[in-house]
Amino acid sequence: MASVATAVLENARTATSFSRRPVPEEVLHQLYDLVKMGPTSGNCSPARFVFLTTPEARERIKPSLSVGNVERAMAAPVLAVVCHDPLFFEAFPRLGVDPTLREWFAADVGLSEETSFRNGTLQGGYLILAARMLGLDVMPMSGFDTFAVEDTLLAGKGWRANFLVGLGYPAENVPHPDHAPPRAPRLSFDEACFCLS
């Protein structure tokens with residue numbers, strides 16, 4: 001288990017470039033099959049994903065990107081838009097969730113939005129880890145006009161865009177982790193955590 005954690009968290013770095021090797025659609029299916037198994041509160045499963053797999057598809061959201069993200073986003077073989085569905089509770093009957101919960105969420109828009117955003121973000125994190133486990137490099141990004149992306153890609157679906165993830169195979173010129181530049185500092189346990197007993 002330690003070797004998996006080392007591979008997907010300690011050794012992996014945020015991609016700055018990708019191989020030209022395409023990511024087959026079946027790999028994206030494998031990726032989602034891993035992501036969907038991660039826990040969400042009450043199995044609510046609100047995350048939705050849009051995979052932009054061609055230059056033409058990525059061009060559709062190019063005007064929505066901040067200047068610093070344009071080149072990086074356009075270079076990713078796949079650009080995933082991590083979304084959440086505020087009406088996630090409509091799937092409760094199929095997800096084995098207590099059917100009475102549907103009415104509870106349907107009656108409280110604020111609770112539904114909070115729950116879908118929190119759990120959809122969690123599933124976006126699973127996407128990053130699962131992609132690395134499948135041998136893909138990842139490049140998470142914010143820095144885009146959320147409403148423009150929603151208007152361009154999600155019209156009629158009601159999904160909300162959260163963040164973007166560039167996906168692809170590692171570039172051939174990426175140094176081995178032993179020879180990579182030092183990782184940026186992280187906060188220590190004592191700075192970021194405390195234990196109560």
Side-chain angles (χ1 to χ4, degrees), residues 1-23 27-28 30-32 34-35 37-40 46-53 55 58 61-84 114 116-149 160-196:
M1 187 60 179
S3 61
V4 174
T6 297
V8 301
L9 290 172
E10 290 184 23
N11 288 348
R13 301 290 184 92
T14 298
T16 56
S17 60
F18 296 98
S19 165
R20 293 179 180 267
R21 178 182 168 194
V23 178
V27 172
L28 299 178
Q30 292 173 352
L31 176 60
Y32 178 70
L34 288 172
V35 171
M37 300 311 293
T40 55
R48 306 291 184 263
F49 303 97
V50 181
F51 294 111
L52 307 177
T53 61
R58 292 187 292 280
I61 67 165
K62 186 175 180 178
S64 309
L65 301 170
S66 63
V67 173
N69 280 338
V70 170
E71 186 176 337
R72 299 185 325 143
M74 294 300 105
V78 175
L79 189 61
V81 185
V82 178
C83 309
H84 56 278
E114 179 182 347
S116 62
F117 176 73
R118 178 182 296 125
N119 286 274
T121 303
L122 179 64
Q123 290 182 279
Y126 297 153
L127 179 100
I128 292 170
L129 297 178
R132 287 175 170 177
M133 292 175 74
L134 291 174
L136 299 174
D137 267 1
V138 298
M139 181 191 298
M141 288 175 267
S142 52
F144 64 97
D145 184 331
T146 304
F147 298 111
V149 168
R160 303 295 312 277
N162 187 344
F163 62 98
L164 308 175
V165 181
L167 298 169
Y169 290 100
E172 291 76 11
N173 61 351
V174 172
H176 185 274
D178 293 342
H179 306 291
R183 185 186 290 280
R186 300 316 200 249
L187 296 177
S188 70
F189 183 93
D190 289 340
E191 292 175 295
C193 315
F194 68 92
C195 299
L196 290 176

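Position 1 is the first residue of the sequence; numbering continues from there.
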- Heavy atoms only: give me the nearest Arg58-Leu52 pair and the separation to one decimal. NH1-O, 3.4 Å
- Item | Atom pair NE2 (His84) and CG (Leu122), whose distance is rounded to the nearest 0.5 Å | 13.5 Å
- Interatomic spacing from SG in Cys83 to CZ in Phe117 - rounded to 0.5 Å: 12.0 Å
- Between Arg48 (side chain) and Pro46 (backbone), is there a donor-acceptor pair under 3.5 Å? yes
- Item | Distance-minimising heavy-atom pair for Ala192 and Leu187 | CB-CB, 4.3 Å
- Message: Donor-acceptor check, side chain of Arg186 to backbone of Ala184, threshold 3.5 angstrom: yes or no?
- Response: yes
- Item | Met133 atom CE, neighbour heavy-atom count above 12 within 6.0 Å | no
- Query: Do Val149 and Phe147 come within less than 4.5 Å of each other through their side chains, counting heavy atoms only?
  - Reply: no
- Hey, are the side chains of Arg132 and Val138 touching, using non-hydrogen atoms and a 4.5 Å cut-off? yes
- Task: Measure across Pro77 and Val23 and return the closest heavy-atom pair with its distance rounded to 0.1 Å.
- Result: CB-CG2, 4.3 Å
- Residues Ala161 and Phe144: closest non-hydrogen pair is CB-CE1, 4.2 Å
- Task: Sequence neighbours left out, what passes salt bridge (charged side-chain N to carboxylate O under 4.0 Å, His left out) with Arg21? Give chain and number order.
- Result: none
- Evaluate whether atom CD of Glu71 has more than 12 neighbouring non-hydrogen atoms of other residues, nucleotides or ligands under 6.0 angstrom away. no
- Note on the structure: Smallest heavy-atom separation, Pro140 atom then Ile128 atom, equals CG-CD1, 3.8 Å
- Separation of Ser142 OG from Asn69 CG (nearest 0.5 Å): 7.0 Å
- Item | Side chains of Val78 and Val27 in contact at under 4.5 Å (non-hydrogen atoms) | no
- Let me know which of Val81, Val35, Leu28 forms a side chain to side chain contact (heavy atoms under 4.5 Å, CB included) with Phe49. Val35
- Query: Should we say atom CZ of Phe189 is surrounded by more than 12 heavy atoms from elsewhere, each under 6.0 Å from it?
  - Reply: yes
- Steps toward side chain to side chain contact (heavy atoms under 4.5 Å, CB included) verdict (Leu167, Phe51): CA-CA 9 Å; Leu167 298 169; Phe51 294 111; 4.1 Å; yes
- Message: With a 4.5 Å cut-off on side-chain heavy atoms, are Tyr126 and Leu34 touching?
- Response: no
- Query: Does any N or O in the side chain of Asp137 come within less than 3.5 Å of the main-chain N or O of Ser17, such that one atom is a donor and the other an acceptor?
  - Reply: no
- Could you grab the distance from atom OH of Tyr169 to atom CG of Leu134, nearest 0.5 Å is fine? 8.0 Å
- Query: How many angstroms lie between CG in Leu136 and CD in Gln30, if you round to the nearest 0.5 Å?
  - Reply: 9.5 Å
- Message: Any heavy-atom pair between the side chains of Leu31 and Leu127 that's under 4.5 Å?
- Response: yes
- Check whether any side-chain heavy atom of Leu164 lies under 4.5 Å from a side-chain heavy atom of Leu65, and answer yes or no. yes
- Query: Would you say the side chain of Val70 lies within less than 4.5 Å of the side chain of Lys62, judging by non-hydrogen atoms?
  - Reply: yes
- Hey, is the main chain of Gly166 close enough, under 3.5 Å, to the side chain of Arg72 for a donor-acceptor pair? no
- Query: Taking the side chain as C-beta and beyond, is there a heavy-atom pair between Glu172 and Ser19 under 4.5 Å?
  - Reply: yes
